[in-house]
Protein chains: 2
Amino acid sequence: MIKSKGIERELSPEKTELILAGAMREFLEHGYAGARIDKIVEAAGVSKATVYRHFPDKEALFTALIQQMSCRKELFRLQNLQSYEEEPIAFLKQYAAGMLDNVAEDPQILTFLRIIIGESGRFPELARAFVTNMEKTSLDFLTEYFKTHPKLQIADPEVTARAFIGTLIHFVMIRDVLQSGDIMPMERDRLLNSLLALIVTNP
Amino acid sequence: MIKSKGIERELSPEKTELILAGAMREFLEHGYAGARIDKIVEAAGVSKATVYRHFPDKEALFTALIQQMSCRKELFRLQNLQSYEEEPIAFLKQYAAGMLDNVAEDPQILTFLRIIIGESGRFPELARAFVTNMEKTSLDFLTEYFKTHPKLQIADPEVTARAFIGTLIHFVMIRDVLQSGDIMPMERDRLLNSLLALIVTNP
DNA sequence: GTCTATATATTGATAGAC
DNA sequence: GTCTATCAATATATAGAC
């Protein structure tokens, strides 16, 4: 085994994963400024010096973590897409219900949304990565769906897709992110039924 | 003038306003954990001890400030309401356009939204005060409008109001808060026209 | 490559003069 | 009631052993 090939010191990928996993808990729970490197070190089970060998500083660790999370599309269930065969109303209702339930059941998604929005002023690149990977992906899919489904006659597919997503996201914001579902009560199924009736005009 | 009436030391309201004004800049710009008392002291032009005589600690100062801001309904132009005389489409378009332009032109509203959402996990009472004063106020008004306007026949006024507001808020989120208007481009007038065509079905 | 131990700066909050 | 000066704790980041 040839050992000497110039500088042979490299960073271990396993430690990198440990650090990122520890950083996730801390950053999601306390935000960027509120997160403590010591806590990340503790949660990761590595030394502080190792953290600083893998990432130049706190900011780089934070951006690396959030960038990585923005690529995990399964967070919003953007993959479980059914076929075009189904009736539009049934398909759209299933699509929306899956998203609403998914968000409601996973607190990590909520804290992730809070971080992205809360830090969007100081970290606009992170916000833009999130929009590119999450928002735009679902908007493009729904726009295409509204545009091409043979049983639908949508005047403006893109705005319809925005209204559809916007209504759902707003519902999630009030109910789950801002924890105010009791202040503005609205049953999930009623929202979905009336929203679909509004969007899918069946003559 | 009788001077001795037990403890006669009180807090000056003028200083309280100075402190809150200084705290606004700092908290809105850096968030709760990122805000520094020293900077607030500097911006307010008072001493640090004065701050701690008016507010028990950093958290109390923060909640007092945000609570106060949540009551300023003029932030979202929830007051400039026109009469019922106008045509529904014209009125709703003016209502929406006013809100969109207002938010786009005032960076303070954007940072306020970022704070409310970003800190909603750690300060749920603040989020709930915001929803009560801002979101519910506009939702109730629009629901009543959709329900009672003689020229409108809306099947589910409350869901329609939610779809209307949700689409607008989502548009503001993408374009202004997350600063990603170029990633998902959408002209304001096209959104408003197509959205109103969706909602206001005129036979 | 990862550790322990530490440097340096800042933080939120307070004591005491006036 | 407000100030100046300062405390004790904690922060991020680094030096040097192994």
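Bear in mind the structure is a predicted one, so any value in this text is a computation, not a measurement.
- The nearest whole Å value for the distance from the CZ atom in B:R53 to the P atom in D:dT4 is 15 Å.
- The separation between A:H30 atom NE2 and C:dT11 atom C1' is 17 Å, rounded to whole Å.
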request  = Using a 4.0 Å heavy-atom cut-off, write out nucleotides 8-14 of chain D from 5' to 3' as B (base contacted by protein), S (sugar-phosphate only) or - (no contact).
outcome  = ---SBBB
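- B:R122 contributes a side-chain N or O that, together with a main-chain N or O of A:E29, makes up a donor-acceptor pair within less than 3.5 Å.
- At distances below 3.5 Å, not a single donor-acceptor pair connects side-chain atoms of B:T167 with backbone N or O atoms of B:I165.
- Formation of a donor-acceptor pair under 3.5 Å by the A:D106 side chain with backbone atoms of A:N102 is not found in this model.
- Of the possible polar contacts, one joining the A:S120 side chain to the B:V177 backbone as a donor-acceptor pair under 3.5 Å is found.
- Contact between the side-chain N/O atoms of A:H54 and the OP1/OP2 oxygens of C:dT2 is found at a separation under 4.0 Å.
- Phosphate proximity of D:dT2 to B:T50: absent, as no side-chain N or O sits under 4.0 Å from OP1 or OP2.
- Counting only distance, with no hydrogens or angles, the side chain of B:R128 and the backbone of A:Q179 share a donor-acceptor pair below 3.5 Å.
- A:S12 comes within 4.0 angstrom of the backbone, heavy atoms only, and of no base.
- Aromatic ring centroids of A:F55 and A:F62 lie 6.0 Å or more apart.
- If you look at B:Y145 and B:Y95, their ring centroids are not closer than 6.0 Å.
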message = Could you spell out the base pairing of DNA chain D as a dot-bracket line? Use Watson-Crick and G-U wobble contacts where both distances are under 3.5 Å, [ ] for crossing pairs, | for partners on a different strand.
response = ||||||||||||||||||
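- Judged by distance alone, the side chain of A:E119 and the main-chain N or O of A:Y32 form a donor-acceptor pair under 3.5 Å.
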